[in-house]
S.K.: 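Shown below is the structure under consideration.
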Number of protein chains: 2
Amino acid sequence: MQLNAEYKSLLEDALERSGLRATKQREQVFSVLLDKRDHPTADEIYARARCEMPSISLATVYNCLETLTESGLIRAVNFEREPTRYCPNLTQHAHFYCKATGEIIDIDLNENILSELKAALPPGYRAEHIEIAINGHSN
Amino acid sequence: MQLNAEYKSLLEDALERSGLRATKQREQVFSVLLDKRDHPTADEIYARARCEMPSISLATVYNCLETLTESGLIRAVNFEREPTRYCPNLTQHAHFYCKATGEIIDIDLNENILSELKAALPPGYRAEHIEIAINGHSN
DNA sequence: GCCTTTATTTAGAATTATTCTTATTAATGC
DNA sequence: GCATTAATAAGAATAATTCTAAATAAAGGC
């Protein structure tokens with residue numbers, strides 16, 4: 001758990017804004033996500049967090065992931081019916097899932113694509129969140 | 001189960017191409033999806049199918065949905081961790097989910113948006129399927 | 001710094017959509 | 001029409017996630 005000062009205050013500020021406390025467990029989970037940005041599942045995050053904090057429970061990992069998501073610090077990513085994955089990349093991006101390797105990469109999106117999507121909505125419909133999941137192969 | 005001739009042969013041809021049989025249950029499930037295009041869940045499809053075919057089982061509904069999806073006749077739609085929903089609209093489209101009403105509508109996409117998305121992938125990455133889920137509110 | 005209040009964590013039970021298993025039933029090809 | 005093979009039915013099993021209740025830890029007032 002070597003959360004650098006920048007991320008530590010990012011975490012504290014965001015939690016405080018939501019009226020939540022900055023706890024060691026929330027710090028640990030956030031740190032796991034920042035350390036290796038490979039879109040881990042709750043189980044994988046639990047395994048990694050336990051290396052440094054053996055007493056943390058799976059339920060707490062789920063709780064932390066929920067509060068971090070609600071505070072806008074991380075993002076939950078779903079692929080079909082697979083376990084939810086998490087990423088700390090908050091820029092608007094899509095996800096590419098390689099069927100062969102299981103690798104998941106972030107695809108940066110320019111503002112143009114997003115506004116075209118919003119423009120495709122019928123009048124009176126306002127987009128709040130756009131999830132784009134692309135799957136295929138890489139070589 | 002009043003599957004018109006056009007859809008009946010569409011179903012039979014698609015199943016035959018996949019080496020599968022056209023059964024009453026598969027016809028029934030397909031018909032339920034065509035009758036009311038409101039993106040029902042497996043449970044809802046089960047309830048509707050039972051009105052006309054009381055002996056159908058939930059497991060069969062799941063099996064039929066899987067074979068219809070694999071045969072390319074219907075599409076599975078996922079919103080976050082919610083139960084999978086199904087739709088018979090095979091044109092490339094996104095889904096809009098209204099948080100207030102739960103309503104789900106299809107958003108037609110022009111080829112332009114899709115090719116821009118494909119162009120955003122790094123070299124060597126090929127898109128096979130693109131899922132776009134937009135949520136927000138309507139008024 | 002200590003005490004109270006309130007939030008958070010823990011551990012394990014509960015939930016729920018979905019899949020699996022096995023016996024039964026129904027299509028298909030001859 | 002009969003044998004073969006696929007599909008269905010019913011219920012058990014699975015797995016990710018959520019819930020529950022008791023224990024613990026932060027935060028603010030004194």
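Here is the naming used below: chain letters follow the sequence lines, and residue numbers restart at 1 for every chain. Bear in mind that the values here come from a model prediction, so they are computed numbers and not experimental data.
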S.K.: Partners of A:Glu6 by salt bridge (charged side-chain N to carboxylate O under 4.0 Å, His left out), sequence neighbours excluded?
M.R.: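 For A:Glu6 there are no salt bridge (charged side-chain N to carboxylate O under 4.0 Å, His left out) partners, ignoring immediate neighbours.
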
S.K.: Taking CG from B:Leu15 and P from C:dT28, how many angstroms apart are they, rounded to a whole number?
M.R.: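 Result: 11 Å.
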
S.K.: Can you list, pair by pair, the side-chain donor-acceptor contacts under 3.5 Å of residues 55-62 of chain B, counting residues two or more places apart and other chains?
M.R.:
{"from": "B:Ser57", "atom 1": "OG", "to": "B:Thr60", "atom 2": "N", "distance (Å)": "3.1"}
{"from": "B:Ser57", "atom 1": "OG", "to": "B:Thr60", "atom 2": "OG1", "distance (Å)": "3.0"}

S.K.: If a protein heavy atom is under 4.0 Å from the base, mark B; if only from the sugar-phosphate, S; if neither, -; do that for nucleotides 5-10 of chain C going 5' to 3'.
M.R.: -BSSBB

S.K.: Tell me every residue that passes side chain to side chain donor-acceptor pair (under 3.5 Å) with B:Arg50, counting only those two or more places apart in sequence or in another chain.
M.R.: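 Here the qualifying residues are B:Tyr46.
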
S.K.: Within the 4.5 Å heavy-atom criterion, are B:Pro88 and B:Arg75 side-chain neighbours or not?
M.R.: no

S.K.: Taking only heavy atoms on the protein side, list every residue of residues 76-84 of chain A lying under 4.0 Å from any atom of DNA chain D, sorted numerically.
M.R.: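 Close to the strand are A:Pro83, A:Thr84.
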
S.K.: Cluster partners of A:Phe96, using ILVMFWY side-chain heavy atoms under 4.5 angstrom, listed by chain and number?
M.R.: A:Ile105, A:Ile107, A:Leu109, A:Ile113, A:Leu114, A:Leu117, A:Leu121, A:Tyr125, A:Ile130, A:Ile132, A:Ile134, B:Phe96, B:Ile105, B:Ile107, B:Leu109, B:Ile113, B:Leu114, B:Leu117, B:Leu121, B:Tyr125, B:Ile130, B:Ile132, B:Ile134

S.K.: Output all residues satisfying salt bridge (charged side-chain N to carboxylate O under 4.0 Å, His left out) with A:Lys118, sequence neighbours left out; order by chain, then residue number.
M.R.: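 For A:Lys118, no residue satisfies salt bridge (charged side-chain N to carboxylate O under 4.0 Å, His left out) once neighbours in sequence are set aside.
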
S.K.: Looking at B:Arg81 and A:Glu82, is there a salt bridge between them, counting it only when a charged N and a carboxylate O are closer than 4.0 Å?
M.R.: no

S.K.: By side chain to side chain donor-acceptor pair (under 3.5 Å), which residues pair with A:Tyr86, not counting sequence neighbours?
M.R.: none

S.K.: Take the angle between the ring planes of B:His39 and B:His95 and call it parallel below 30°, perpendicular above 60°, tilted in between.
M.R.: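 Geometry flag for B:His95 against B:His39: perpendicular rings.
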
S.K.: Tell me, please, the opening and closing nucleotides of DNA chain D, 5' to 3', among those with an atom under 4.0 angstrom from a non-hydrogen atom of chain B.
M.R.: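 Range of nucleotides within reach of chain B: D:dT5 to D:dT17.
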
S.K.: Which residues pass the side chain to side chain donor-acceptor pair (under 3.5 Å) test with B:Asp43, sequence neighbours left out?
M.R.: none

S.K.: With a cut-off of less than 4.0 Å, is there a side-chain N or O of B:Tyr62 near OP1 or OP2 of C:dT18?
M.R.: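 Affirmative; the distance criterion is met.
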
S.K.: Have a look at the helix from C:dG1-D:dC30 to C:dC30-D:dG1 and give the angle its two end axes make, five pairs each, rounded to 10 degrees.
M.R.: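 That helix gives 40° between its end axes.
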
S.K.: A:Asp38: what forms a salt bridge (charged side-chain N to carboxylate O under 4.0 Å, His left out) with it, not counting sequence neighbours?
M.R.: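 Scan of A:Asp38 (salt bridge (charged side-chain N to carboxylate O under 4.0 Å, His left out), adjacent residues dropped) gives A:Lys36, A:Arg48.
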
